[in-house]
Q: 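Pasting a structure below so you can have a look.
Computed from heavy atoms alone, side chains included, the values below leave out hydrogens, waters and symmetry copies.
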Amino acid sequence: EVRKWYDANVAPRASQRGAVAIIVGLSLALLVGMVGLAIDGGRLYLTKTELQNAADACALAASYELTGAPNIAPESFDRAVAVGKEVGSRNKVLFQQEDIAPGDIAVTFGTVLTGGAWVPAPPPANSKYVRCVVTRNNIPYYFMPAFSSAFATGTVNALATATLAPAQTNCAVPMALCTR
């Protein structure tokens, strides 16, 4: 029998059967995991965007009630909480299909924008900032529970801070004028 030069370096075909099936199976599991991560991650990102809209609306509506600076009346803070929760809960979440409960919205007040404590109503009379935090718990995942029960649900938060103050402290003078 004549052996060719390449036969000595190649294993017989019978020992290679099923190798492609193993590689395809591992690749398929990885592919399903990546698709699940993309879909579930995208859903959380969309939920974060919807909650951020609610938090922004809450903070802006609540800050509108903080009139009478530098000393704001205590009833203004109570109104700010009520109005903030009402306006924030008018938004919807999870593909605009579920309401945001007023209990999922926390409205707090502060005297300084950074570095200070945020307290619920009634805060000190010189509080001029309002912060709304909207939380959504137990958001079910579609694909991730297939890999672990630890990935059954998720939580998303959104935060917004506002104050009733002018947006600019300087006179708005244009740097240049464009003519056509």
Side-chain angles (χ1 to χ4, degrees), residues 35-145 147-175:
V35 167
L37 186 63
I39 289 175
D40 290 338
R43 185 173 186 209
L44 289 179
Y45 183 76
L46 178 66
T47 302
K48 167 72 173 166
T49 302
E50 293 168 335
L51 290 178
Q52 190 63 53
N53 289 338
D56 292 343
C58 170
L60 289 172
S63 70
Y64 189 74
E65 299 297 323
L66 300 180
T67 58
N71 292 320
I72 301 169
E75 60 270 6
S76 294
F77 292 111
D78 294 333
R79 273 196 323 270
V81 171
V83 167
K85 287 187 174 199
E86 170 65 27
V87 171
S89 65
R90 288 186 183 177
N91 290 276
K92 294 195 177 280
V93 71
L94 296 175
F95 299 106
Q96 300 293 309
Q97 294 187 7
E98 294 183 21
D99 292 330
I100 296 173
D104 293 340
I105 302 172
V107 181
T108 55
F109 302 92
T111 56
V112 292
L113 189 56
T114 57
W118 294 90
V119 296
N126 63 343
S127 296
K128 61 182 178 178
Y129 298 101
V130 61
R131 176 171 283 177
C132 291
V133 178
V134 183
T135 304
R136 184 63 176 211
N137 296 313
N138 299 322
I139 300 169
Y141 294 134
Y142 295 131
F143 285 92
M144 299 315 288
F147 294 101
S148 173
S149 62
F151 298 119
T153 62
T155 300
V156 177
N157 296 321
L159 178 139
T161 305
T163 186
L164 186 62
Q168 293 181 333
T169 56
N170 301 359
C171 177
V173 177
M175 299 305 271

Q: Run the ring-centre check on Phe109 versus Tyr129 and record whether the distance is less than 6.0 Å.
A: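 No.
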Q: When you measure from the side chain of Asp40 to the backbone N and O of Phe143, does any donor-acceptor pair fall under 3.5 Å?
A: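 A pair under 3.5 Å: yes.
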Q: How far apart are the closest heavy atoms of Asn91 and Ala57, and which atoms are they?
A: ND2-CB, 4.1 Å
Q: Please report the shortest heavy-atom distance between Asp78 and Ala121, naming the atom on each side.
A: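 Smallest interatomic distance, heavy atoms only, reads OD1-CB, 3.9 Å.
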Q: If you look at every heavy atom in Ser127 and Ile72, which pair is closest and at what distance?
A: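 Scanning both residues, the minimum pair turns out to be O-CD1, 3.1 Å.
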Q: Looking at Gln52 and Leu159, would you say the former's side chain and the latter's main chain have a donor-acceptor pair under 3.5 Å?
A: yes
Q: Enter the distance from Cys58:SG to Leu51:CG here, rounded to the nearest 0.5 Å.
A: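 The CG atom of Leu51 is 12.0 Å from SG of Cys58, to the nearest 0.5 Å.
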Q: Indicate whether any N or O donor in one side chain lies under 3.5 Å from an N or O acceptor in the other, for Asp104 and Thr135.
A: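 The answer is no; no qualifying pair exists.
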Q: Is there side-chain contact between Ile39 and Tyr141, with at least one heavy-atom pair below 4.5 Å?
A: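 A side-chain contact under 4.5 Å is absent here.
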Q: For Ala101 versus Ser89, what's the shortest heavy-atom pair and its separation?
A: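 Closest pair (atom of Ala101, atom of Ser89, distance): C-CB, 4.5 Å.
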Q: Test Ile139 against Leu94 for side-chain contact (heavy atoms from CB on, under 4.5 Å), laying out the working first.
A: CA-CA 8 Å; Ile139 300 169; Leu94 296 175; 3.9 Å; yes
Q: Can a salt bridge be assigned to the pair Arg79 and Glu75 using a cut-off of 4.0 Å between side-chain N and carboxylate O?
A: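 Answer for the salt bridge query: no.
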Q: Rounded to the nearest 0.5 Å, how far does CG of Asn53 lie from CD1 of Ile100?
A: 8.5 Å
Q: OH/Tyr64 to CG/Leu164 distance, rounded to the nearest 0.5 angstrom?
A: 8.0 Å
Q: What heavy-atom pair brings Lys48 and Ala158 nearest, and what distance separates the two atoms?
A: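 Closest heavy-atom pair between Lys48 and Ala158: NZ-CA, 3.6 Å.
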Q: State which residues pass side chain to side chain donor-acceptor pair (under 3.5 Å) with Thr108; sequence neighbours excluded, sorted by chain then number.
A: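 By the side chain to side chain donor-acceptor pair (under 3.5 Å) rule, Thr108 matches no residue at all.
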Q: Taking Glu50 for its side chain and Phe95 for its backbone only, find out whether a donor-acceptor pair lies under 3.5 Å.
A: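 Indeed, once roles are kept as given, a pair shorter than 3.5 Å links the two residues.
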Q: I need the minimum non-hydrogen distance between Gly84 and Ala62, along with the two atoms involved.
A: CA-CB, 4.2 Å
Q: Quickly, which of Leu66, Thr111, Thr163 forms a side-chain contact (heavy atoms from CB on, under 4.5 Å) with Lys128? Name it, please.
A: Thr163
Q: Taking the six-membered ring of Tyr142 as reference, does the NZ or CZ atom of Arg43 fall below 6.0 Å from its centre and within a 45° cone about the axis?
A: yes
Q: Tell me, with the steps shown, if Ile105 and Val107 meet side-chain contact (heavy atoms from CB on, under 4.5 Å).
A: CA-CA 6 Å; Ile105 302 172; Val107 181; 4.1 Å; yes
Q: Could you pull out all residues at least two apart from Arg131 that satisfy salt bridge (charged side-chain N to carboxylate O under 4.0 Å, His left out)?
A: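 Result, salt bridge (charged side-chain N to carboxylate O under 4.0 Å, His left out) vs Arg131: none returned.
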